[in-house]
Each structure stands twice: as C-alpha cells, then as structure tokens.
Amino acid sequence: MIPANRTTADTARAAGLLGISPGTFTNTRRWEKLRAQPISRPGAKTRFWDDEQLIAAVDERRTPLITPANPDEVFNLAVEDASVLELLRDFLAGYFTGTSSSAPVADGARIAPAADTAFDRVEVFSVYAADEMPEAAEDAVVDVNVKLAGHNEKGSWPLNAQLRLEFTGGRWVVAALAREDEDDLFDLEEAYLLIPEDRRPTISTWRTYATSTNRKSARLTSIPEADKVVHGVKHWKRSTITNWDQNDRFLQGEAKAGGRPAGSADRAPRRRTQPLLAQADERRAKLRELLAENPALTPAEAGAALGVSAERGRQLLHEAKAGSDK
C-alpha cells in the first residue's frame, strides 16, 4: 500500500542515495539491510519505498514503516491499565507534537508518519480495546483505539489513533500505529483484499474484472481504470474500490446473491412502512449528532452506535458527509 500524499522511490532512486548502481543494489540485496523496508506488496515484482523514510534510513536515522488500519474493527472495551494509559499518553504526545518521547517502541514497529505535528500538546480522552485486555505476559498483543485532541494557538482538533501494543521484555511497548485514508493507493492484489470476504470474488474472476476491455458494457463486470500508475504498476485508491464494491459492481453484469436479477424493474411501487421510515430518520439524526461531536468518526464506530453493521455504518457516513457538502 502507498499511503495518501506520500512520494515513492524506486530501485534507481534507492541505489542513487547509496551511491551504488541499481544492479549492485539489487544483486547484493542491499535493500534488505536498510532500516526502511519497501512499502510495495511483499512478493511484488516491482519494489519501491517511501522516499522520506528512505532518506532517513540512508542517513541512519530511525525510520518507521507504514500499515493500514482495519476500518471494520470494533473497539468497545474500555482500557484502564495505568501503565498502558501512561505509555499511550507519552507516545502520542511525542507523535503528534513532533517532540522526543521516552515511550518504548518495538524493534521494526510499523508506525505511520503523523499527518500533522503542528500541535503544542495533546490530551487523551478515552482508550478502548478490540478484545479483552490480555494478561501482561510475554508476547501478548492487543489492539487499541485512542480518542484524543490536539491543541495549538489556533484551537483544538479531534484526533484518532489505532495502535497495536505487545508485551515484551517485561513491559508493554508500541508495536504498530495504523490509520487509513480514502486516497491510499493499492495494487491489484492489495485492492482485492479491500473487498469484504463475504462479497469477494475468486482471485481469477477479480483479475478478469481488471483486464476487461469493454468497461462501458452493462453486461460485463469490470473494475474502474486505475487511478495512478506507480513505477509501471497500476494502483487504485481505497475510495475507488470501496465505491465500486458498494455502488457500481451490481449495476453491471454481476448479480447479487439471491433476489431479482440486476436491472430488473419493479412491478409495483415499493412500500416502506412508517416504522421503518421513522427508524431511518432517527439513525440519520443520531449520526449527525455523532459527527458534530466527533468529525473523525469511523464506520465501525458509527455502526456500533447505531446498532448496524460496520458496512452499513460506512454507507450512512458516506450519505451524511455527501449531504453536508451540498
């Protein structure tokens, strides 16, 4: 995955920074010795890096790696462990203000660069775990979601961070920090995994969708054209794939499981009972309130608050944000 708004570097760029030829860089596997590991998909034929991380690695500075967040993870178990809370406050204060931190970080931790470090201080409001907080035992792992606010001279801003913690060497350490962005870029194999498993076609069908030569045919299913070609490899934005999956694919030749064939007309106007209309209006009103309190609300959080699935929460969020832009 290529995180949104990041500059990538290919093998030639990496070799040039080291002052060696691309052939020497590849044949001697010098890239494996760099602190910055490739952000291209493991096993991909074309290898590339995050340019900023690559420069830091060549300068022998500590450089983080990048990992996407799981948008469907539900965090609803409050974390009260004092040592964990202190660790998170220390780490996130340094992370979002750009200052040094004494918080322990695991070797090879996958930490996404902060989108904005222009804060004077941060304040943690709540910490929730995806599962029961495990016992403090070697190799224990837990994923947590932290709600906090960043403060500077211009005001206060809501922030959200998803982290993975692991217990090693007798203490909890930060092992990963994840986030997602609609403009993150994915190659064909990575984009395939963005489709929820219960709606995911076979990998061979997916590749057929990607190579369809008649994208305008209503009878042939195909995914959209790639948003960007990076070092010769086609990539799609997260938003492009999720929008296709939710709105476009069933308007083409692929039929939903069960029900009428795609495109068939109604024989009579559909009825929506008054209770269902009232329930839908209540959900929309509650979602507007939630967004006013927390503009960074995730699909999983919206779904949990409204009593619907994370996927339905994503759709409702999309509708709410689209309506606010009009």
Side-chain angles (χ1 to χ4, degrees), residues 1-4 8 37-48 65-74 110 130-131 143 162 164 176 178-265 298-300 302-304 308-319:
M1 184 199 79
I2 302 174
T8 58
Q37 292 297 295
I39 60 172
S40 49
R41 175 176 50 82
K45 294 182 179 179
T46 302
R47 192 178 295 114
F48 47 81
L65 297 181
I66 298 170
T67 183
N70 179 359
D72 296 322
E73 195 88 71
V74 177
R110 300 169 65 84
D131 299 298
D143 290 334
Q162 179 180 320
R164 170 163 293 180
R179 61 179 182 170
E180 67 168 358
D181 191 290
E182 291 298 288
D183 290 334
D184 291 339
L185 291 169
F186 300 80
D187 71 11
L188 184 63
E189 307 300 315
E190 293 169 328
Y192 174 70
L193 298 177
L194 292 177
I195 306 299
E197 190 171 1
D198 61 341
R199 292 204 307 277
R200 194 179 297 161
T202 64
I203 187 63
S204 59
T205 299
W206 176 253
R207 289 167 181 160
T208 300
Y209 288 172
T211 56
S212 174
T213 57
N214 190 352
R215 296 177 185 276
K216 294 183 180 180
S217 172
R219 293 178 298 174
L220 295 177
T221 304
S222 62
I223 62 175
E225 293 284 359
D227 293 295
K228 191 173 183 179
V229 177
V230 182
H231 307 303
V233 180
K234 291 182 178 180
H235 281 75
W236 288 260
K237 291 182 179 179
R238 184 192 301 274
S239 58
T240 297
I241 297 300
T242 54
N243 181 67
W244 172 83
D245 174 55
Q246 295 169 11
N247 303 311
D248 297 338
R249 66 187 290 191
F250 300 121
L251 299 178
Q252 299 175 312
E254 184 176 343
K256 291 183 179 179
R260 296 175 303 166
S264 61
T298 67
V308 297
S309 67
E311 187 61 40
R312 181 56 180 156
R314 186 193 305 280
Q315 294 171 354
L316 292 172
L317 272 178
H318 178 75
E319 292 173 5

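- Partners of Asp187 under the salt bridge (Lys or Arg N to Asp or Glu O under 4.0 Å) rule, at least two apart in sequence or in another chain, are Arg41.
- Counting heavy atoms from C-beta outward, Ile203 and Glu189 have side chains that approach closer than 4.5 Å.
- Each of Asn243, Ile2, Leu185 was evaluated against Lys237; a single residue qualifies, Leu185, per the side-chain contact (heavy atoms from CB on, under 4.5 Å) test.
- Rounded to the nearest 0.5 angstrom, Lys228 NZ and Trp236 CH2 are separated by 14.5 Å.
- Looking at residues two or more places apart in sequence or on another chain, you find a side chain to side chain donor-acceptor pair (under 3.5 Å) between Thr202 and Ser204, Thr205.
- In this structure, NZ in Lys234 is found 9.0 Å from CG in Leu188, a value given to the nearest 0.5 Å.
- The structure places OH of Tyr209 at 4.5 Å from OG1 of Thr221, a figure rounded to the nearest 0.5 Å.
- Rounded to the nearest 0.5 angstrom, Ser40 OG and His235 NE2 are separated by 8.0 Å.
- Nearest heavy-atom pair across Trp244 and Pro224 is CD1-CD, 3.7 Å.
- The side chain to side chain donor-acceptor pair (under 3.5 Å) check on Thr240 picks up Asp227, with sequence neighbours excluded.
- Going from atom CD1 of Ile241 over to atom CD1 of Ile223 covers 5.0 Å, rounded to the nearest 0.5 Å.
- Counting heavy atoms from C-beta on, the side chains of Thr242 and Glu182 come closer than 4.5 Å.
- When all heavy atoms are compared, the tightest approach of Asp184 to Met1 is OD2-SD, 3.8 Å.
- Atoms CZ and CG, on Arg200 and Leu193 in that order, are 5.0 Å from each other to the nearest 0.5 Å.
- In this view, Tyr192 and Trp206 satisfy the ring-ring contact (aromatic ring centres under 6.0 Å, His included) rule, not counting sequence neighbours.
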